[in-house]
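Predicted model only: the values in this text are computed from it and were never measured. All values below were derived from every heavy atom in this structure, side-chain atoms included, with hydrogens, water molecules and symmetry-related copies excluded. Every chain is numbered from 1, with letters handed out A, B, ... down the list of sequences.
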Number of protein chains: 2
Amino acid sequence: MAKTENRTAIEDYLKVIFSLGEWQDETVSNAAVAARLGVSTSSVSEMARKLADNGLVAHKRYGGMRLTDEGLEQALQMVRRHRLVETFLVTSLGYAWDEVHDDAEVLEHAVSTLMVERMDTQLGHPWRDPHGDPIPTADGVLHQPTAEPLATTPVGERRFVARIDDDDPALLRWLAETGIAVDAEVVVRERKPFGGATRLDVRAPGAAVDGHLVAELGDQAVAALLVSVERASPKPLNAKGCHYSDCRHISAPRVSEKNR
Amino acid sequence: MAKTENRTAIEDYLKVIFSLGEWQDETVSNAAVAARLGVSTSSVSEMARKLADNGLVAHKRYGGMRLTDEGLEQALQMVRRHRLVETFLVTSLGYAWDEVHDDAEVLEHAVSTLMVERMDTQLGHPWRDPHGDPIPTADGVLHQPTAEPLATTPVGERRFVARIDDDDPALLRWLAETGIAVDAEVVVRERKPFGGATRLDVRAPGAAVDGHLVAELGDQAVAALLVSVERASPKPLNAKGCHYSDCRHISAPRVSEKNR
DNA sequence: GATAAAAGTTGGGTATGCCGAACTCTGCGT
DNA sequence: ACGCAGAGTTCGGCATACCCAACTTTTATC
């Protein structure tokens, strides 16, 4: 025997390396991975060796590590699992959007490929999760729309909320109260200096043209929002399946994979 | 730290001890647990000590072990999780009944209490899973209908399929092909001696009065079937919520529980 | 270019959960 | 009532995945 739950740890490392590595290219530091996972750097060193042995990362001593094609492919599958699970919990099981993250974090390691594909089918192949994060396709292609932080959006310009960081449930509840959701239209009206509040007009996705609210957001809330000049298209814009015209594609060069 | 995934192992032991102990009372042997879990008896000894330390089983050296009230309560919760997950996979995600067991085995350790209750609600509080096994209620009460093995049913008497062992997916597919399902009406017509085939009339749950098929089942298939004289009532028969008039109730004496 | 701070690695140690081998207890059969 | 087979336990080991503390390498600064 001797095959305990080793998968969970590896999967968590892959996810973190993927997200820290600017989605694929960059070398990520040991320390960054340790901080994100809440483990010590010595644990990361050990795991780096193990991942390298398994061909999932390239790792040179005292340098950082970078996902290999195989590691990237598996990381994209994990992202797909996580985001599909979140979408499923909200759409099919009536979770509020601030309740899904922790459950998804556990379930992503437990759902089979069959279940992932059944959820995907039942949800009608969603392209993004409840927080606006794009869902990689079954063959591992991620459409990454270009979006800017709300923090740097010029005053007076119209933007659409593209993605909302889902780490803090309390923040999500607060944002929901202020009317901010994915696809909401926002215009920054005023920025108070030195970390002061940001005042903005908010119009909910389906609201009337003149139906806007005024919200005052603190630093933490502003930092959680990514916005786009363009409104997300409900239908794909091109053959590649993008919902924004300005969009990167990330995918692992076909690795004939059979494991998992 | 030191908080790895210890829950899974404990939960698996509790489930096995529960099912081996004739649903609660009997002391189960170390060897039986080892055989069922596919581990060595030394592993069971160690775990028995740990479970006893945690107050989940009563264990006397060189004697077997028996679930405590707390252990029984947790075991019933695991049974609930497993069977609700199976029901959910079939009803809401389109699994075939032979596909659910393995996925449920993993998911039962990963679903949160919130998710269990959401599934339960969405399914309309089902009282049994796709294989006919009763689902304990949220407060840990299991209605265990009396059922007899098909192997000992007298020739010529009418019975209703109450439960079907779900361990072997191939067997389940075969049974489905022969028209056998939960609530199917069966009459044993002939038993060939020395482990020969059993021939029986089968009428599917919704079929016309004269719409019966003839099936020939081998030993293994016959052993997987539990039947009841009485047809399961679609609605509860009494205040206790039983769907059969002859039914045992199993529950842990209220233990004010907060963990998990 | 020396050197100290930062970043990464190694080594020794912990906890879980499993194993086989050796030892110990129980109880059955004579 | 004895003794032995079988069931149960203990012990030393293995693998994973962590930790801290000590050591090595890189880097950034003077």
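Summarising the geometry, the separation between CG on A:Leu37 and P on D:dT16 is reported as 18 Å, rounded to the nearest angstrom. Rounding to whole angstrom units, CD1 of residue B:Ile10 and C1' of C:dG17 are separated by 11 Å. Taking atom CZ of A:Arg49 as the reference point, atom P of D:dC18 lies 16 Å away to the nearest angstrom. Remark: P of D:dT10 and CG of B:Asn30 are 11 Å apart, rounded to the nearest angstrom. Between the CG atom of A:Leu51 and the P atom of C:dT9 there is a distance of 12 Å, rounded to whole Å. The interatomic distance linking A:Asp53 (CG) with C:dT9 (P) rounds to 13 Å, in whole Å. To the nearest angstrom, P of D:dA7 lies 15 Å from CG of B:Leu20.
A:Ser45 and A:Ser42 share no donor-acceptor pair across their side chains, judged by distance under 3.5 Å alone.
With a 6.0 Å radius and a threshold of 12 heavy atoms from other residues, nucleotides or ligands, B:Arg49 has its CZ atom at or below the threshold. For A:Gln220, the CD atom counts as loosely surrounded, since its 6.0 Å shell holds 12 or fewer non-hydrogen atoms of other residues, nucleotides or ligands.
Looking only at side-chain heavy atoms (C-beta outward), B:Arg163 and B:Val227 stay at 4.5 Å or farther from each other.
Salt bridge B:Lys15/B:Glu105: present, at least one basic N to carboxylate O contact under 4.0 Å.
Distance from the side chain of A:Glu46 is smallest for C:dG12 among the nucleotides C:dG12, C:dC18, C:dG8.
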Please report the C-alpha distance between B:Glu86 and B:His101 in whole Å, then the side-chain angles of each, then the deciding distance to 0.1 Å, and finally whether the side-chain contact (heavy atoms from CB on, under 4.5 Å) criterion is met.
CA-CA 7 Å; B:Glu86 285 197 340; B:His101 190 80; 3.4 Å; yes
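Remark: the B:Ser43 side chain and the C:dG17 base include no donor-acceptor N/O pair separated by less than 3.5 Å. The base of D:dC20 is paired with the side chain of A:Ser42 by a donor and an acceptor separated by under 3.5 Å.
Listed pair B:Tyr13 / C:dC18 meets the phosphate criterion, a side-chain N or O lying under 4.0 Å from OP1 or OP2. An OP1 or OP2 oxygen of D:dC19 is reached within less than 4.0 angstrom by a side-chain nitrogen or oxygen of A:Ser40.
Within the model, atoms CD of A:Gln77 and CD of A:Glu11 stand 10.5 Å from one another, a figure rounded to the nearest 0.5 Å.
Nucleotides of DNA chain D nearest to A:Lys50 and A:Gly63 differ in position, and the one nearer the 5' end is that of A:Lys50. Each of B:Thr41 and A:Val39 was matched to the nucleotide of DNA chain D holding its nearest heavy atom; the match closer to the 5' end belongs to B:Thr41.
Near DNA chain D, meaning a heavy atom under 4.0 Å from it, residues 54-62 of chain B has B:His59, B:Arg61, B:Tyr62 in order of number.
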